[in-house]
Number of protein chains: 2
Amino acid sequence: MIRVVLADDEDLIRGALAALLELESDITVVAQVSDGDAAVAAVAEFAPDIAVLDLEMPRRDGVAAARAIGAGTAVVIVTRHARPGVLRRALAAGVRGFVPKTTPAARLASILRDVHGGGRYVDSEIAASALTADSCPLTGRELEVLRLTRGGGSVQDVAQEVHLAHGTVRNYLSSAMTKLGVTSRHDAARKAWEEGWI
Amino acid sequence: MIRVVLADDEDLIRGALAALLELESDITVVAQVSDGDAAVAAVAEFAPDIAVLDLEMPRRDGVAAARAIGAGTAVVIVTRHARPGVLRRALAAGVRGFVPKTTPAARLASILRDVHGGGRYVDSEIAASALTADSCPLTGRELEVLRLTRGGGSVQDVAQEVHLAHGTVRNYLSSAMTKLGVTSRHDAARKAWEEGWI
DNA sequence: ACGGGGAGCTGACATTTGTCACGGCGGACC
DNA sequence: GGTCCGCCGTGACAAATGTCAGCTCCCCGT
């Protein structure tokens with residue numbers, strides 16, 4: 001019997017996934033929680049075989065929770081935002097399975113069985129785009145100002161933070177925007193984040 | 001037996017919801033589709049008692065699909081973005097149930113039974129905020145430029161569209177931003193949309 | 001040694017965006 | 001009629017933003 005802890009902040013979805021998994025005779029959901037911290041606590045308490053975590057959760061997202069859980073329990077991340085960069089971060093955190101929500105429901109159980117048997121599962125489409133994706137074309141400074149821009153601050157704030165002239169910061173941002181094919185620093189920061197570069 | 005058509009673009013969620021509903025002895029899912037157009041077609045073909053539609057779907061969103069389906073079949077909207085304005089639009093389209101994804105999974109079946117029995121269901125929390133929400137503080141012109149701004153165009157584009165000086169458009173935008181407590185026209189347009197004012 | 005090229009850094013410029021003070025118009029109210 | 005007030009509309013101004021040409025420094029290949 002595969003014992004599973006299920007974490008998703010949307011009650012309806014979490015309950016539905018639990019119903020789906022309980023249909024399988026060899027899988028049982030031993031705990032349901034609605035945020036990342038609770039997921040870590042539930043894993044410590046119930047010592048399940050697998051933790052199925054939604055990526056987007058309050059207080060601690062799925063990847064951060066996976067890192068906190070460590071290697072003792074297999075973690076499968078479920079997400080709606082299946083971008084290459086997210087996959088990279090998830091794998092770096094030791095995640096054993098990465099399942100976009102576009103995956104057919106019927107396949108989830110077999111994925112959990114694979115993972116329980118020691119295997120890994122990565123959505124093939126995302127893996128392909130992660131592998132073919134161009135390596136990061138941005139320089140160190142460009143990445144740095146993008147990282148700070150993502151916080152929402154103005155150019156002035158960022159410039160003060162890194163002790164540079166505002167013109168310099170604008171220049172890095174401009175260069176990054178050109179490389180990424182967007183027209184605003186916010187778009188650039190979001191895109192770089194999605195690609196996993198910052 | 002309550003016959004249901006289920007529409008959601010995320011296979012995993014749709015399948016999980018189907019599993020959840022099939023657990024009920026008096027409910028059966030007669031068709032599953034993944035976009036709004038297919039939902040309309042499936043309702044025409046299967047003549048179900050209830051259509052359960054996700055709000056966010058490609059090609060035609062849940063509310064638009066509900067309008068196309070008409071009054072012959074009861075429609076229940078399920079959504080992650082449970083804002084007052086969305087609720088208003090949904091009710092205006094003749095929707096019989098409005099269920100945010102934060103609803104406990106166990107309650108979905110009883111909601112469907114209520115709706116099948118001729119009742120309506122509206123999440124009480126959203127209904128409350130929709131009723132207590134301040135009425136729209138924006139003027140006609142402000143709403144108009146916000147509507148056009150939402151398309152993503154620049155101030156120049158909007159000004160040309162409404163045959164006004166760009167200064168005038170900026171003024172309306174500025175006024176709207178002040179009233180809404182935000183600092184960019186994009187935020188203002190998004191907020192007004194969420195409130196259901198445009 | 002030396003030349004080329006990339007990264008870091010800067011200021012000057014044009015454009016875009018947001019704010020302000022102002023005037024005209026029309027309805028509500030006395 | 002007269003006044004007040006809100007909405008409509010405009011242009012001037014300031015700040016933020018994006019683009020450009022150019023500078024230095026350092027690494028790398030010859």
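Convention: sequence-line order gives letters A, B, ...; per-chain numbering from 1.
The CD1 atom of A:I50 sits 10.0 Å away from the OG1 atom of A:T73 when rounded to the nearest 0.5 Å. Between atom CD1 of residue A:I13 and atom CG of residue B:L12 there is a gap of 9.0 Å, rounded to the nearest 0.5 Å. Taking CG from B:L173 and CE from B:M177, the interatomic distance works out to 5.5 Å, rounded to the nearest 0.5 Å.
The shortest distance between side-chain heavy atoms of B:F98 and B:L91 does not fall below 4.5 Å.
OP1 or OP2 of D:dC8 sits under 4.0 Å from a side-chain N or O of B:T139. Considering only side-chain N and O atoms, B:Y172 lies nowhere under 4.0 angstrom from the phosphate OP1 or OP2 of D:dC8. The shortest distance between the side-chain N/O atoms of A:R141 and the OP1/OP2 oxygens of C:dC9 is below 4.0 Å.
Residues A:T168 and A:K179 both approach DNA chain C. Their nearest nucleotides, taken by heavy-atom distance, put A:K179 toward the 5′ side.
Side-chain contact of A:S154 with A:D157: a donor-acceptor pair under 3.5 Å is present, judged by distance alone.
Distance B:E142 CD to D:dG9 P: 11 Å, rounded to the nearest Å. In this structure, B:E144 atom CD and D:dC8 atom C1' are separated by 12 Å, rounded to whole Å.
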* Asked: How does protein reach along nucleotides 14-25 of chain D, written 5' to 3' as B (base within reach of a heavy atom under 4.0 Å), S (only sugar-phosphate), or - (no contact)?
  -> ---BBBBB----
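By the 6.0 Å and 45° rule, A:R89 stacks over the aromatic ring of A:W193.
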